[in-house]
Colleague: 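I have a structure I would like to understand better, so I am pasting it below and will then ask my questions one at a time.
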2 protein chains.
Amino acid sequence: MKFRQAVENFRGKLTGSDRVLISLVLGDPLKVAFQSANELANRADVHSSTVVRLANKLGFDGFPGLKRALHQEARTAFDPSDRIRRRLNKADESSSLSMLIQSETRAIEAIRETLSQQEIDAAANILLQAKQIYLVGRGSAAPLIIHLERRLRRWGFQAIISLNMQKRDLAANVIGMGEQDALISFAFQAPTSLHAGYSALLKHANSVGAKSIVISDSFGPTLRPNPDVLLSVGRHDEAELSMRTGPLVVCEALAVTLAHLSPARVVKGSETLEKLRCAFRNNET
Amino acid sequence: MKFRQAVENFRGKLTGSDRVLISLVLGDPLKVAFQSANELANRADVHSSTVVRLANKLGFDGFPGLKRALHQEARTAFDPSDRIRRRLNKADESSSLSMLIQSETRAIEAIRETLSQQEIDAAANILLQAKQIYLVGRGSAAPLIIHLERRLRRWGFQAIISLNMQKRDLAANVIGMGEQDALISFAFQAPTSLHAGYSALLKHANSVGAKSIVISDSFGPTLRPNPDVLLSVGRHDEAELSMRTGPLVVCEALAVTLAHLSPARVVKGSETLEKLRCAFRNNET
DNA sequence: ACTCAAATGCAATTTATGTTGCAAAATATT
DNA sequence: AATATTTTGCAACATAAATTGCATTTGAGT
C-alpha cells in the first residue's frame, strides 16, 4: 500500500506528533526510506516509539513495513522504464513473447542510464585510427562479435576475430597486434578462470601500445586492468533468461557512430565491396 | 564517494565473488540501497561476511558506509535533477545512441503487431518433436543463428548450422535431414538469386517430411513454398543500417517458450552440461 | 602432487534497530 | 479543581544486522 493512501484511508485520529511525522515523510519520502525510526523521530523531535506506533496505526507491519512501502514507491517512481511501462493484460502475462518484449524494451532503455554518446564517440575514434581491429570474446558474446565484425568488414575495416579461444590459441591470434591497432574485448559475467585470459590480453595490448575497448554488462567495471574505453550497460534482470540486447545495441551504436565520423572511409569500403561482388558474379557465369 | 568510482579507483585485486557482488550493485543500485548485507549476499550466493569485507576493501566504512554512498547517489540522481535530466536528454536526441535506442525500442514493440504467441507456440511444438534441428541462413542472420544455436544446444537439442552456404555445400549439409527433423530457415530481404536456394531447401524438407519454420522480416510472406510456421516481424527501417533486434527477440521468445513447454528436457540438458563441465575441469588438472 | 597464501563460510560477538509495558505528562471533561 | 483519557518518553527487552576470529576450502605456483 502506498503511504499517501494509507494516510488518507486512516479513519482514526491523528495526534500532533503524528501530523509532524507524516508531513516529514510526505515532504521527502526518499529520505525517510533511507532512515531508521530513530533518525526520523529526532527530526520530528519525538521519541522513536511514537514513530513505531504511527506506523502501526496506519496499518503497516511496524516501521519496517512502512519503509518497505516507501522502497516500493521509490523504485517504481524513479525507474524510468517503469514510468513508460504499459500494463500487460492477463493474456499477455503468460506469454513469453510479451514478457520478452517488455523486458528487452526496458533493457534497451536502461542503456541511457549507464552510457552516453561521448563514450561511444571515444570508442569510435579509437577504431578510426586503427589499422586492424581485434575482436575477442567467448560464449554468449559470439552473436555480438559476428554482427560487429560484419559491420566493420563491410565498411572496409580490417577485423580479426577470436572466439572461444583458450589462452594459448588466443595468444597466437593476437600476436600480430601492434601500436596502431585496436582491441575490442567482450566480457560478460563469467567464472573467475576466464579473467586470467582477459587481463593477460589487456596487458599485452597495453604493452604493444594498442588501444583497448571493452563491451560489457554491469560486470565490466570490475575488470582489471582498465581498458581505454569501457562501454558497460547496466541492469541485467535474471541472468539466464536475458539476452544481450543491450550490448548489441551498443555495438550498433558504435558502428553507426563510426559511419558518421568517417563517411568517406565507409563509402569507400562499400564501393570496394560492390566491385568485388560484381567481379565474383561475372566469374561465376 | 560514488560506488562506481570506488570500484574504478580500487587498485587491489578483486575476487570472483567480489565481481559478482559489484555487478549486482551496479546492475540495480537502488535495490541494494534498500537491502541488508545478508539479502545482497544471498542474491550473490555468498556469505554476508564477504559482502562486508568487500565494502571495506573498496574503502567504505563497513557495509553501512557503502549503503550511505548508494543513498547519496540515489538522492542526487533522482531528486533535484528532473530539469537537468530532461535537458540532457534533449541534447542527446540527435546522438546515434539515442536514435538507436528509440528505433530499436519501437522495432521490438512492433513485433506484437505481426506476431502472436500462438505462432511461437506452434514453432516450439515442432522443435519439441524434432530429433535434429537444422539452422540455415546467411549474411546478417549469422548472429541470430549463433545465438539460437547456443540456446538449443545448452538445452540438449541437436542443432546443425549452415551459414553462408552455396547451394552445393548446403545440400551436403542437409542431406541427413529426415522425417523427424525440423528446419529453421532465416530469410531476410535479399537479391532474387538467393530465392532459388530457399525454395530448393524447403522443397527438400517437405519431400523428406521434415517440418519447416521460417524466421523473417516483412519479406517472409512472399516466400514460396510456404513453411509450416512462418515467424515474420514487420518494420525494417532502413535496410542497410537496421539491426535484426526484432528477429532476435523472436528467436529468444522461441527459446523461452521451448523451455516452458518442456522444462524436463531443458533441465536435463542443463544438468548434462554441468556434468560435462565438471568432467572437463577435472580432466584438466 | 604438494605447499602456501588467499578467500570463504561459519559461528560467536558486538552493535544497531525496532518493539512494548509502564509511568509521567499533557489534554480534555466534568 | 479533580478526574479520566490520551499521548508521550523512558527503559528494558527482543530482534535483526554487521563485524570479526578461526577453521576449512580453494586456487596458484612450484
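Letters A, B, ... mirror the listed sequences (proteins, then strands); counts begin at 1.
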Colleague: A:D18 CG to C:dT27 P: how many Å, rounded?
Modeller: 15 Å
Colleague: Nearest whole angstrom, please: distance from the C1' of D:dT20 to the CG of B:L54.
Modeller: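 In whole Å, D:dT20 C1' and B:L54 CG are 16 Å from each other.
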Colleague: Using a strict 4.0 Å threshold on nitrogen-to-oxygen distance, state whether A:E73 and A:R4 make a salt bridge.
Modeller: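 Between A:R4 and A:E73 there is no salt bridge, as every charged N stays at least 4.0 Å from the carboxylate O atoms.
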Colleague: What is the separation between atom CG on B:L66 and atom C1' on D:dT19, rounded to the nearest whole Å?
Modeller: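 Rounded to whole Å, this separation is 15 Å.
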Colleague: Which listed nucleotide (D:dT6, C:dG9, D:dT19) is nearest to the side chain of B:S48?
Modeller: D:dT19
Colleague: Hey, are A:N125 and A:Q129 close enough side-chain-wise for a donor-acceptor pair under 3.5 Å?
Modeller: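 Per modelled atom types, A:Q129 and A:N125 side chains form no pair under 3.5 Å.
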Colleague: Name the residue closer to the 5' end of DNA chain C, choosing between B:K57 and A:G62 according to the nucleotide with the nearest heavy atom.
Modeller: B:K57
Colleague: Using atom CG of A:N56 as one end and atom P of D:dT7 as the other, report the distance to the nearest whole Å.
Modeller: 14 Å
Colleague: Nearest-Å distance, CZ (B:F34) to C1' (D:dA17)?
Modeller: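 Taking CZ of B:F34 and C1' of D:dA17, I get 18 Å after rounding.
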Colleague: Looking at B:T15, I'd like to know whether one of its side-chain N or O atoms comes within less than 4.0 Å of OP1 or OP2 on C:dT8.
Modeller: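 For C:dT8, OP1 or OP2 has a side-chain N or O of B:T15 closer than 4.0 Å.
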Colleague: From the options D:dA18, D:dA11, C:dG18, select the nucleotide whose nearest atom is closest to the side chain of B:S36.
Modeller: D:dA18
Colleague: B:H47 has an atom NE2; how far is it from atom P of C:dG9, in whole Å?
Modeller: 7 Å
Colleague: Between A:R43 and A:Q35, is any side-chain donor less than 3.5 angstrom from a side-chain acceptor?
Modeller: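 Indeed, the side chains of A:R43 and A:Q35 share at least one donor-acceptor pair under 3.5 Å.
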Colleague: Quick check for you: among C:dG9, D:dT6, C:dG18, whose closest atom lies nearest to any side-chain atom of A:K67?
Modeller: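 Ranking C:dG9, D:dT6, C:dG18 by closest atom to the A:K67 side chain puts C:dG18 first.
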Colleague: Which nucleotide sits closest to the side chain of A:A37: D:dG9, C:dG18, C:dG9?
Modeller: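 Minimum distance to the A:A37 side chain belongs to C:dG18.
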Colleague: Of the listed nucleotides (D:dG9, D:dA18, C:dG18), which one gets closest to any side-chain atom of B:F63?
Modeller: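 Output: D:dA18.
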Colleague: Starting at CG of B:L14 and ending at P of C:dA6, how long is that distance when rounded to a whole Å?
Modeller: 15 Å
Colleague: Side chain of A:V52 only, please: which of D:dT19, C:dT20, C:dC10 is the nearest?
Modeller: C:dT20
Colleague: Is there a donor and acceptor pair closer than 3.5 Å between the side chain of A:R53 and the base of C:dG18?
Modeller: no
Colleague: Regarding A:V46, tell me which of base, sugar-phosphate or nothing describes its non-hydrogen contacts under 4.0 Å with the strands shown.
Modeller: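 The answer is sugar-phosphate, as A:V46 gets under 4.0 Å only of primed atoms, P, OP1 or OP2.
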Colleague: Taking OP1 and OP2 of C:dT8, is either one under 4.0 Å from a side-chain nitrogen or oxygen of B:S17?
Modeller: yes
Colleague: Do A:K57 and A:T15 have side chains that get closer than 4.5 Å, going by heavy atoms?
Modeller: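 Yes, side chains in contact.
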Colleague: So, is A:T50 near the phosphate of D:dG9, with a side-chain N or O under 4.0 Å from OP1 or OP2?
Modeller: yes
Colleague: Any salt bridge linking B:D18 with B:K13? Criterion: basic side-chain nitrogen under 4.0 Å from a carboxylate oxygen.
Modeller: no
